[in-house]
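Protein chains get the first letters and strands the later ones, always in sequence-line order, with residue 1 at the start of each. Every value quoted in this text rests on a predicted model; they were computed, and no experiment measured them.
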Protein chains: 2
Amino acid sequence: MPDLPPIARKFILHWGEMGARWGINRTVAQIHALLYLSERPLHAEEICETLDLARSNVSVAVKELQGWGIVKITHLQGDSRNHFESMKDVYEMFRVITNERKRREVDPTLKLINDCLQDGGKPKASEAYVRERLESMKEFFDLAVNFSAQVDKVSTPALVKAAKMGDKALRLLGLS
Amino acid sequence: MPDLPPIARKFILHWGEMGARWGINRTVAQIHALLYLSERPLHAEEICETLDLARSNVSVAVKELQGWGIVKITHLQGDSRNHFESMKDVYEMFRVITNERKRREVDPTLKLINDCLQDGGKPKASEAYVRERLESMKEFFDLAVNFSAQVDKVSTPALVKAAKMGDKALRLLGLS
DNA sequence: CGGCTATTTCGGCTAATGCAGAAATAGCCG
DNA sequence: CGGCTATTTCTGCATTAGCCGAAATAGCCG
């Protein structure tokens, strides 16, 4: 990895590990970190050199990141190559990723649970407990989905403000 | 998988896939689903038979689940074998897992970012942008950690109530 | 202590993932 | 169309993760 300040490299490696723990390919996460820390959009070749990866590898990784919606292609004046740029606002990034995971994982899970629950057939007694547990999981996910949709409507500055209120927010809502 | 209602099997398989996408071993997640759906604690042998796994495999998987804090060992009258039982309250489960992920992943990330930022040395100009990005990521994580600590204090019923308020909660806080 | 049962650890095989390099494709001038 | 560059797809190797069965360990009576 030439050209990188040590602190950047340190972060990139760590981010790769974290990604791996969350089901994101290690190098995909590293590339994301690199782009996030980069002041300007980078083209594939630069990414290869900086992180010592094969060109083809970078191609698919970058596509993956675009799939998540946190990296975009840009073009520079008089350069035909694709340049890649990460979203820079961490809050926004979090929103985008959260929404995407909801779409990919939570929604299908809810659908499956619903399917299970309204699976016709005679309601066998042996299934009663299973259904009960599935019901309560459904309830949880329904609530979570609704709630996150609400929160998603609120602007980042407003959210930050609310988060900083700490206890006060809770008291305002009559909780705590 | 003998003995399992089809809807249970369906859910277990799905849960395994979801786990895999979140960095949890597929069979670990399956076992978790099985225990969650099970009316009574199961011993390792039962898990083996039901999910068709090797005994040793179950041993480590179950340990993993205990490590996450969502499965506990219980003992039954006159049976020396360990029996395993999943937490049943989905909300509580979510709390526990969230806290554990924070401990394992967010905290170390924050620590690393802090290390990077206060990495002495002369503040090279080339690092300025990197530092800026790290700062803003730190800010985000700090806020998230604080906020989640606040929320974690609130009882589940209170949280559910708040979540169900929908728009009203936002208006009460002066958002939206 | 010996025998029994339950659990864990270990060694090695298998399957899945990740990745490089080559080949194919696409896009762009001239 | 031909040549050039950038990108993607494909093929197969390498690494890792997952998992089984055997062996070792632990715990519990008698």
Side-chain angles (χ1 to χ4, degrees), chain A residues 1 12-35 40-68 71-85 104, chain B residues 1 12-13 15-35 40-68 71-85 104-105:
Chain A
M1 296 190 200
I12 289 171
L13 290 176
H14 179 82
W15 202 244
E17 293 311 313
M18 288 305 104
R21 296 214 192 181
W22 287 80
I24 307 291
N25 178 297
R26 184 175 278 97
T27 63
V28 170
Q30 286 181 0
I31 293 177
H32 172 241
L34 172 62
L35 293 175
R40 59 181 179 80
L42 302 178
H43 59 260
E45 209 62 52
E46 289 176 297
I47 299 175
C48 291
E49 285 168 20
T50 314
L51 300 181
D52 192 27
L53 299 169
R55 183 66 187 69
S56 55
N57 201 359
V58 170
S59 178
V60 307
V62 142
K63 201 139 245 180
E64 174 86 9
L65 288 168
Q66 292 176 75
W68 281 100
V71 162
K72 302 277 184 237
I73 294 185
T74 60
H75 281 101
L76 269 62
Q77 198 48 289
D79 187 336
S80 67
R81 293 169 296 184
N82 290 340
H83 288 246
F84 304 98
E85 182 165 32
R104 296 187 191 187
Chain B
M1 296 192 201
I12 289 170
L13 290 176
W15 201 243
E17 293 310 313
M18 288 306 104
R21 295 214 192 181
W22 287 80
I24 306 292
N25 178 298
R26 184 175 278 98
T27 62
V28 169
Q30 287 182 0
I31 293 177
H32 172 240
L34 171 63
L35 293 174
R40 59 181 178 78
L42 303 178
H43 59 260
E45 209 61 53
E46 290 177 294
I47 299 174
C48 292
E49 285 168 19
T50 313
L51 300 181
D52 193 29
L53 299 169
R55 182 65 186 70
S56 54
N57 198 2
V58 170
S59 178
V60 307
V62 142
K63 201 139 246 180
E64 174 87 10
L65 288 168
Q66 292 177 73
W68 281 100
V71 162
K72 300 275 184 240
I73 294 185
T74 60
H75 281 102
L76 270 62
Q77 199 45 289
D79 188 336
S80 67
R81 293 170 297 185
N82 290 340
H83 289 245
F84 304 98
E85 181 165 33
R104 296 188 190 186
E105 288 132 19

Students should find that the nucleotides of DNA chain C closing off the region near chain B, any atom under 4.0 angstrom from a heavy atom, are C:dA6 to C:dT9
Please tell me which of B:T27 and A:F84 maps to the more 5' nucleotide of DNA chain D, matching each residue to the nucleotide holding its nearest heavy atom. A:F84
Report yes or no: does A:E46 contribute a side-chain atom to a donor-acceptor pair with the main-chain N or O of A:H43 at less than 3.5 Å? yes
Kindly determine whether A:E17 and A:R26 satisfy salt bridge (Lys or Arg N to Asp or Glu O under 4.0 Å), including the steps that lead there. CA-CA 6 Å; A:E17 293 311 313; A:R26 184 175 278 97; 2.9 Å; yes
What is the pairing partner of D:dT7, taking Watson-Crick or G-U wobble pairs with both distances under 3.5 Å in any strand? C:dA24
Side-chain donor-acceptor contact under 3.5 Å, B:D79 with B:H83: yes
In short, B:F84 meets B:I73 closest at the heavy-atom pair CE2-CG1, 3.6 Å
Whole Å only: how far is the CG atom of A:N57 from the C1' atom of D:dT15? 13 Å
Check B:E105 with A:R21, please: is the shortest side-chain N to carboxylate O separation under 4.0 Å? yes
Nucleotide forming a Watson-Crick or wobble pair with D:dG21, both distances under 3.5 Å: C:dC10
Go through B:L51 and B:V58 one step at a time and tell me if the side chain to side chain contact (heavy atoms under 4.5 Å, CB included) criterion holds. CA-CA 10 Å; B:L51 300 181; B:V58 170; over 6 Å; no
Mind checking A:S80 for me? I need base, sugar-phosphate or nothing, with any heavy atom below 4.0 Å counting as a touch. sugar-phosphate
Closer to the 5' end of DNA chain C via nearest nucleotide, is it A:R55 or B:S59? B:S59
Both distances under 3.5 Å, Watson-Crick or G-U wobble: report the partner of D:dC29, or none. C:dG2
Over all strands shown, is A:R26 touching base, sugar-phosphate only, or nothing at heavy-atom distances under 4.0 angstrom? nothing
